[in-house]
Amino acid sequence: MLMQVDDRVAVITVNDPDRRNAVTFEMSAALRRAVEQAQADPEVHAVIVTGAGKAFCAGADLSALGEATAEGLRTIYDGFLAVADCTLPTIAAVNGPAVGAGLNLALAADVRIAGPRALFDARFQKLGIHPGGGATWMLQRAVGPQAARAALLFGMSFDADAAVRHGLALSVADDPVAAARDLAAGPAQAPREVVLATKASMRATANPGVVDTDQHRIAVDTEIGPQAASIESPEFARRLATARRR
């Protein structure tokens with residue numbers, strides 16, 4: 001995991017390009033540490049998350065996923081949940097494919113900017129597993145029930161242009177990190193306490209009476225049982241064995 005702070009903006013880069021930045025237990029823990037470090041720094045007003053190389057994040061490492069119990073799944077989720085819980089404004093600069101848990105990482109940010117080769121692909125059903133990490137809630141919140149059901153029930157994915165059409169991404173940029181930096185200049189130039197208070201108010205007023213992070217936790221808890229059961233199924237074991245032989 002790499003982190004660089006310039007002009008009050010922290011850029012966190014998931015840095016495992018050989019594995020297309022797949023989520024492992026170690027990567028998840030490193031991502032949480034980086035987010036918490038940025039959040040604790042009074043000179044940081046916004047956070048950008050991106051991936052090294054050609055992928056944003058190719059999802060959970062299949063070996064880690066295949067060995068995961070319900071508690072292990074929560075460990076895999078922990079990195080992108082740190083992004084979701086971050087009190088600072090967050091932008092996902094989606095430079096390439098965001099698949100499965102990688103889609104969750106992108107969805108965890110407040111705003112997504114897509115590069116030309118971005119691909120937003122839930123992929124859970126193709127792997128034979130139930131969505132997890134609050135994906136059902138995050139995706140419905142981002143694109144609405146119909147497009148979310150098309151993605152999670154029918155396997156639809158979104159390229160960069162489709163992501164913008166459906167509200168999954170704010171814009172397409174040749175250099176999504178540079179575009180994210182331009183956007184982050186807003187909170188970078190504002191008083192930090194105003195930035196923090198504005199995000200807190202938006203979380204509380206999206207659905208008055210319920211803070212959105214509480215809704216996310218309910219979604220995680222709802223999905224965890226079915227996802228753990230699907231990972232323990234013979235069908236997933238067969239698919240995992242096939243993937244490992246490739």
Review point. Considering all heavy atoms of both residues, which atom of A173 and which atom of I113 are nearest to each other, and what is their separation?
Key: CB-CG2, 4.1 Å
Exercise for review: Determine, using the 4.5 Å side-chain heavy-atom cutoff (strictly less than), whether V164 and L139 are members of one ILVMFWY cluster.
Suggested key: no
Exercise for review: Heavy atoms only: give me the nearest G100-R123 pair and the separation to one decimal.
Suggested key: N-CB, 4.3 Å
Check your understanding: Rounded to the nearest 0.5 Å, what separation is found between the NZ atom of K199 and the CG atom of D110?
Key -> 3.5 Å
Check your understanding: Considering only heavy atoms from C-beta outward, does the side chain of V5 approach that of Q37 to under 4.5 Å?
Key -> no
Check your understanding: Between S28 and V23, what is the shortest heavy-atom contact and its length?
Key -> CB-CG1, 4.4 Å
**Study point:** Enclosure of R149 CZ (heavy-atom neighbours >12, cutoff 6.0 Å)
**Key:** no
Practice item. Report whether M138 and L31 are members of the same hydrophobic cluster (ILVMFWY, side-chain heavy atoms less than 4.5 Å apart, transitive linking). Key: yes
Check your understanding: Would you say the side-chain atoms of R8 pair up with the backbone N or O of A188, donor to acceptor, closer than 3.5 Å?
Key -> yes
**Study point:** Backbone N/O of T136 and side chain of E223: donor-acceptor pair under 3.5 Å
**Key:** yes
Check your understanding: Under 4.5 Å between any side-chain heavy atoms of I224 and H130, yes or no?
Key -> no
Point to revise | Distance-minimising heavy-atom pair for A142 and L168 | key: CB-CD1, 4.2 Å
Review point. Stepwise, does the side-chain contact (heavy atoms from CB on, under 4.5 Å) test hold for V14 with T50?
Key: CA-CA 6 Å; V14 182; T50 193; over 6 Å; no
Practice item. Walk me through it: do F25 and M27 pass the test side-chain contact (heavy atoms from CB on, under 4.5 Å)? Key: CA-CA 6 Å; F25 297 130; M27 186 274 264; over 6 Å; no
Review point. Can you tell me how far the OG atom of S201 sits from the CZ atom of R203, to the nearest 0.5 Å?
Key: 11.5 Å
Practice item. Quick one: list whatever passes salt bridge (Lys or Arg N to Asp or Glu O under 4.0 Å) with D159, sequence neighbours left out. Key: none
**Study point:** Crowding at CZ, R117 (>12 non-hydrogen neighbours, <6.0 Å)
**Key:** no
Review point. Are V94 and V99 connected in a single hydrophobic cluster, I mean Ile/Leu/Val/Met/Phe/Trp/Tyr linked by side-chain heavy atoms less than 4.5 Å apart?
Key: no
Check your understanding: CG/N15 to CG/L2 distance, rounded to the nearest 0.5 angstrom?
Key -> 4.0 Å
Check your understanding: So do I231 and Q227 actually touch side chain to side chain, heavy atoms under 4.5 Å?
Key -> yes
Review point. Can you check salt bridge (charged side-chain N to carboxylate O under 4.0 Å, His left out) on D41 and R192, steps first, answer last?
Key: CA-CA 11 Å; D41 185 344; R192 193 175 195 261; over 6 Å; no
Review point. If only atom types and distance count, is the side chain of D175 paired as donor or acceptor with the main-chain N or O of A178 below 3.5 Å?
Key: yes
**Study point:** Y77 vs N104, side-chain contact (heavy atoms from CB on, under 4.5 Å): CA-CA, chis, key distance, verdict
**Key:** CA-CA 9 Å; Y77 304 160; N104 283 355; 5.5 Å; no
Exercise for review: State plainly whether the residues D61 and R20 are in salt-bridge range, i.e. N to O under 4.0 Å.
Suggested key: no
**Study point:** Linked, directly or transitively: L170 and F120 (ILVMFWY side chains, under 4.5 Å)
**Key:** no
**Study point:** Same apolar cluster (I L V M F W Y, side chains within < 4.5 Å links), L152/I129
**Key:** yes
Point to revise | Electrostatic pair D212:R141 at N-O distance under 4.0 angstrom | key: yes
Exercise for review: State, to 0.1 Å, how close H216 and G133 come at their nearest heavy-atom pair, and which atoms those are.
Suggested key: NE2-O, 2.9 Å
Practice item. List the atom of A101, the atom of A60, and the distance in Å for their closest heavy-atom pair. Key: CB-N, 3.7 Å
Review point. Does atom CG of D7 have more than 12 heavy-atom neighbours from other groups under 6.0 Å away?
Key: no
Exercise for review: Check for a donor-acceptor pair, side chain of Q140 on one end and backbone N or O of P145 on the other, with a separation under 3.5 Å.
Suggested key: no
Check your understanding: Is the closest side-chain heavy-atom distance between D161 and R165 below 4.5 Å?
Key -> yes
**Study point:** Expected output: side-chain N21 to main-chain D16 donor-acceptor under 3.5 Å
**Key:** yes
Review point. Any side-chain heavy atom of R33 within less than 4.5 Å of one from M1?
Key: no
Check your understanding: Does T75 use its side chain to pair, donor to acceptor, with the backbone of E71 at less than 3.5 Å?
Key -> yes
Revision key, fill the gap. OG1 of T90 to CG of D85, rounded to nearest 0.5 Å, is 10.5 Å
Review point. Would D6 and R181 satisfy side-chain contact (heavy atoms from CB on, under 4.5 Å), going step by step from the backbone distance to the final call?
Key: CA-CA 10 Å; D6 292 302; R181 285 186 180 277; 4.0 Å; yes
Check your understanding: If you measure from NZ on K126 to OG on S157, what distance do you get to the nearest 0.5 Å?
Key -> 5.5 Å
Check your understanding: Would a 4.5 Å heavy-atom cut-off, applied to side chains only, mark D121 and L103 as touching?
Key -> no
**Study point:** I91 vs V47 side-chain heavy atoms within contact, under 4.5 Å
**Key:** no
Review point. Are I12 and I48 side-chain neighbours, meaning at least one heavy-atom pair lies under 4.5 Å?
Key: no
